[in-house]
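Notes to accompany the following structure.
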Amino acid sequence: MNNPTPQRIGLLGGTFDPIHNGHLLVAATVAQECQLDEICFIPTQHTTTKQEQHGANSEDRYAMTLLATINNPHFTVSRVDIERHTTTYTIDTLHDIKKQHPTDHLFFIIGADNFNTFYEWKNYQTIPLLTHLIVVTRPGYALRPCEEIGLARENITFLTIPALDISSTMIRERLHHHQTIHYLVPDPVNAYIQKKGLYVS
């Protein structure tokens, strides 16, 4: 019996509170430019740096991520971080995903802001042993040299994407002030938010 061809899987983590069209544009662009077979969205548990007064719980964020990605056959959603129920570190996530995909090639997608502080991450020097890094930046954004971060350039792909000027924080603020979020999030996500009454005081 032949072994299946190893897949090229991109991993995109975030609180996705809520997921929006900017996230989807980044995922689709990375998949195309880096010739990935799949983009796996990984909603995280809230960390101490991402807590928001009106944030959604993990199950709502997971449900919204599913709704946002369901029509793209190359997008999947993982519960690996949500089900951990403890403080989440990227290195733990990668170990868990690698166990699920032992023969596949993993590509971890991060933004330029996270790359510039990558050396502060837990066991950051081990991460490139488990995955290839794809650093997504916007035009004109200054990146620190790899040498300053402590990473080898050959295990990193830098990709410049003209970002949509959308953020989850902005969407929560608009909802808090009863402003429309049409065209900022997929319609099923907007319908879910309205039905559940999320992000309003």
Do you know the tightest heavy-atom contact between [X] and [Y]?
{"X": "F118", "Y": "I149", "value": "CB-CG2, 3.7 Å"}
{"X": "H177", "Y": "E173", "value": "ND1-O, 2.9 Å"}
{"X": "L175", "Y": "V200", "value": "O-CG1, 3.6 Å"}
{"X": "A27", "Y": "I39", "value": "O-CG1, 3.7 Å"}

Test: side chain to side chain donor-acceptor pair (under 3.5 Å). Region: residues 66-76. Which pairs qualify, not counting sequence neighbours?
E38-T76

Applying side chain to side chain donor-acceptor pair (under 3.5 Å) as the test, list every pair that has at least one member in residues 178-187; sequence neighbours left out.
H182-N190

List the residues meeting salt bridge (Lys or Arg N to Asp or Glu O under 4.0 Å) with [X], not counting sequence neighbours, and say none if there are none.
{"X": "E148", "result": "R144"}
{"X": "E59", "result": "R79"}
{"X": "R138", "result": "none"}
{"X": "D92", "result": "none"}

For T29, all residues meeting side chain to side chain donor-acceptor pair (under 3.5 Å), sequence neighbours excluded
none

Residues forming a side chain to side chain donor-acceptor pair (under 3.5 Å) with N155, sequence neighbours excluded
H132

Across all chains, not counting sequence neighbours, the side chain to side chain contact (heavy atoms under 4.5 Å, CB included) partners of A112 are T137, Y141, L143

Any side-chain donor-acceptor pair under 3.5 Å between D17 and S168?
no

Will you find, in the side chains of R61 and S58, an N or O donor that is under 3.5 Å from an N or O acceptor?
no

Set of residues satisfying ring pair (Phe, Tyr, Trp, His ring centres under 6.0 Å) with respect to Y124, sequence neighbours excluded
none

Checking H23 now: which residues fulfil ring pair (Phe, Tyr, Trp, His ring centres under 6.0 Å) with it, not counting sequence neighbours?
F16, H20

Side-chain donor-acceptor distances from residues 101-109 under 3.5 Å, at least two apart:
unit_1	atom_1	unit_2	atom_2	d
H101	ND1	D104	OD2	3.0
D104	OD1	Q7	N	2.7

